[in-house]
Amino acid sequence: MVVAVLALQGAFIEHEKMLEKLGADSFEIRQKKDLEKHFDALILPGGESTVMGKLMRECDLYEPILEKIKEGLPVYGTCAGLILLAEKVEDGKPALGTMNIKAKRNAYGRQLGSFYTEAEFKGIGKIPMTFIRAPYIAEVYEGAEVLAEVDGKVVAARQGNQLVTAFHPELNEDLSVHQYFLDMVRQSMLAQAG
Ligand code: GLN
């Protein structure tokens, strides 16, 4: 299994390390020709969603990545990646917009912008969650499923082959969210083969 990681900006190396620990191959997408390589899934990392959205367009990555996600490529967006995938963005412009959720950017205010907690993740159990100037999911529309909540706010969701977390599992030792994503990818590969 090969997982591509969008590496224009932000915390992409941390994702690559998690994938390596789980025995999955990965490579970085920085320019259009990188998309010619084979990959089974894509990670959109944390960083600054407006910058990443702009760079995606400037590097001619926006259209082909949008196409692939629409065709069913499994994708995991953390934090800024969540914002990129959201159909609606409060106080901001949607980018890829493939997931039926509304993201609220910098949702915890300046003081509480970054914090650590532990909470239940559906299908996994209690896991560490690190938030950095994080968004939360203000609304979940039809087709999307809530996977985790912190203080009554939705912080993880899934819709078919798309997974998003407002927190950064790649900044903790716990591999379970990445394992969850790789299981999603495996299931989607099996479904395609069968
Ligand atoms: N605040 C950032 C944004 O709006 C997201 C922060 C992050 O990815 N850690 O894009």
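Note that ligands are numbered from 1 as they come in the structure, with each ligand's atoms numbered from 1 the same way.
Neither side chain, H15 nor S26, offers a donor N or O lying under 3.5 Å from an acceptor on the other. Remark: the Q187 side chain and the D183 side chain contain no N/O donor-acceptor pair separated by less than 3.5 Å.
Nearest protein heavy-atom contact of atom 1 (N) of ligand 1 is N106 OD1, 2.7 Å.
Close approach of ligand 1 to G46 (heavy-atom distance below 4.0 Å) involves ligand atoms 8 (O). Set against the non-hydrogen atoms of S49, the atoms of ligand 1 under 4.0 Å away are 3 (C), 4 (O), 10 (O). The atoms of ligand 1 that sit less than 4.0 Å from any heavy atom of C79 are 5 (C), 6 (C), 7 (C), 8 (O), 9 (N).
Once rounded to the nearest 0.5 Å, the distance linking CG of L84 with OG1 of T98 reads 9.5 Å.
Between P135 and ligand 1, not a single N/O pair is under 3.5 Å apart. Residue-to-ligand polar distances place R133 within reach of ligand 1: an N/O pair is separated by less than 3.5 Å. Note: no N/O pair closer than 3.5 Å links I83 and ligand 1 by distance alone. For a threshold of 3.5 Å applied to N or O pairs, the pair formed by T78 and ligand 1 contains no separation below that value. For a threshold of 3.5 Å applied to N or O pairs, the pair formed by G47 and ligand 1 contains at least one separation below that value.
Here the side chain of Q9 pairs no donor or acceptor atom with the backbone of V51 at under 3.5 angstrom.
Proximity of K68 to I65: side-chain heavy atoms (C-beta onward) are nowhere separated by under 4.5 Å. The side-chain heavy atoms of V75 and L96, taken from C-beta on, include no pair separated by under 4.5 Å.
Note: H178 and Y76 have perpendicular aromatic rings, judged against thresholds of 30 and 60 degrees for the angle between ring planes. F27 and F39 have perpendicular rings, their planes meeting at more than 60° on a 0 to 90° scale where under 30° would count as parallel.
Contacts between R105 and ligand 1 below 4.0 angstrom, taking non-hydrogen atoms only, involve the side chain exclusively.
In this structure, M52 has no heavy atom closer than 4.0 Å to ligand 1.
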